[in-house]
Amino acid sequence: KFAQAIFIMFVVCVFQTVLAAIRVRVILKTYDVILRIRICVEHCYVGNFFSQTFVSIIGGDALRIWRFSQSGVPVSTSAGAIVLDRVAGFMALILLFAFTVPEMMERTGEPLMRTGLLSLLAVSLVGVVGFYFLPSIVTNFTPIRILRTRVGEVVFELSVICQTYCRNFQVQIKVFFLSIASHGSNI
């Protein structure tokens with residue numbers, strides 16, 4: 001039984017890494033970058049190893065950006081793809097959470113816990129909607145002083161990445177379902 005459990009864990013880890021590689025590859029295609037799936041899988045494995053071994057939250061992402069740039073992808077494109085990959089995964093988690101809230105509300109009688117669940121759901125959904133409207137927010141509020149700082153430049157660059165991604169609904173659907181499949185395999 002122990003050997004079976006280890007084998008199943010191994011298969012799930014391989015499955016999730018391959019899905020992550022496909023997801024990044026799909027995102028990179030929106031930037032007209034086409035890499036072989038083998039390269040994407042390799043970079044995802046290296047990033048996963050770095051994240052797990054050195055116990056860092058974004059260290060693996062930084063390494064994936066560097067590895068993609070070593071494969072000929074511009075650093076800004078690599079960074080944009082990795083940011084979108086993270087955002088897409090997070091948005092899929094938020095939507096999975098949204099689908100479970102009714103069940104959690106039914107099982108939770110504590111008023112404070114129910115308020116907390118609904119508040120978390122509301123903030124999360126505002127974040128998802130904000131992501132989609134970030135390009136127009138940045139464009140319409142360019143005169144604001146903070147947008148003229150380095151933080152503002154990063155926000156603006158992120159908004160450009162969002163525009164590229166948000167224009168292609170087919171890519172959003174593919175990435176969303178790849179994210180759902182990856183997160184769903186944890187259940």
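Sequence positions, counted from 1, serve as the residue numbers for this chain.
- For CE of Met105, the number of neighbouring non-hydrogen atoms (other residues, nucleotides, ligands) closer than 6.0 Å is greater than 12.
- Nearest heavy-atom pair, Ser78 versus Ser69, reported as atom, atom and distance to 0.1 Å: OG-N, 3.6 Å.
- In terms of modelled atom types and a separation under 3.5 Å, the side chain of Ser51 and the main chain of Asn48 share no donor-acceptor contact.
- Put simply, the side chain of Ser124 gets close to the backbone of Leu120: a donor and an acceptor are under 3.5 Å apart.
- In this structure, Phe2 shares a hydrophobic cluster with Ile6, Met9, the cluster being traced through Ile, Leu, Val, Met, Phe, Trp and Tyr side chains under 4.5 angstrom apart.
- Tyr45 pairs by the ring-ring contact (aromatic ring centres under 6.0 Å, His included) definition with nothing, not counting sequence neighbours.
- With hydrogens and angles disregarded, no donor-acceptor distance shorter than 3.5 Å links the side chain of Thr30 to the backbone of Val26.
- Take Ser179 and apply the side-chain hydrogen bond (donor to acceptor under 3.5 Å, both in side chains) test, not counting sequence neighbours, and it matches Arg23.
- In this view, Phe176 and Ala92, Leu95, Ile180 satisfy the side-chain contact (heavy atoms from CB on, under 4.5 Å) rule, not counting sequence neighbours.
- Under a 4.5 Å side-chain heavy-atom cut-off, the cluster of Ile, Leu, Val, Met, Phe, Trp and Tyr residues that includes Val126 has no other member.
- Residue pairs meeting the salt bridge (Lys or Arg N to Asp or Glu O under 4.0 Å) criterion with at least one member in residues 107-116, sequence neighbours excluded, are Glu103-Arg107.
- By the side-chain contact (heavy atoms from CB on, under 4.5 Å) test, Ile173 pairs with Phe169, Phe177, sequence neighbours left out.
- Applying the side-chain hydrogen bond (donor to acceptor under 3.5 Å, both in side chains) criterion to Arg36, with sequence neighbours excluded, gives no partner residue.
- Annotation: ring-ring contact (aromatic ring centres under 6.0 Å, His included) contacts involving residues 68-91, sequence neighbours excluded, comprise His43-Phe68.
- Considering only heavy atoms from C-beta on, Leu28 stays 4.5 Å or farther from Ile34 through its side chain.
- Scanning both residues, Ile27 and Ala81, for their nearest heavy atoms gives CG2-CA, 3.7 Å.
- When the side-chain hydrogen bond (donor to acceptor under 3.5 Å, both in side chains) test is applied to Ser182, no partner is found at least two apart in sequence or on another chain.
- A search for side-chain contact (heavy atoms from CB on, under 4.5 Å) contacts involving Gln52 returns nothing, not counting sequence neighbours.
- With sequence neighbours excluded, the residues satisfying side-chain hydrogen bond (donor to acceptor under 3.5 Å, both in side chains) with Asp61 are Arg64, Arg86.
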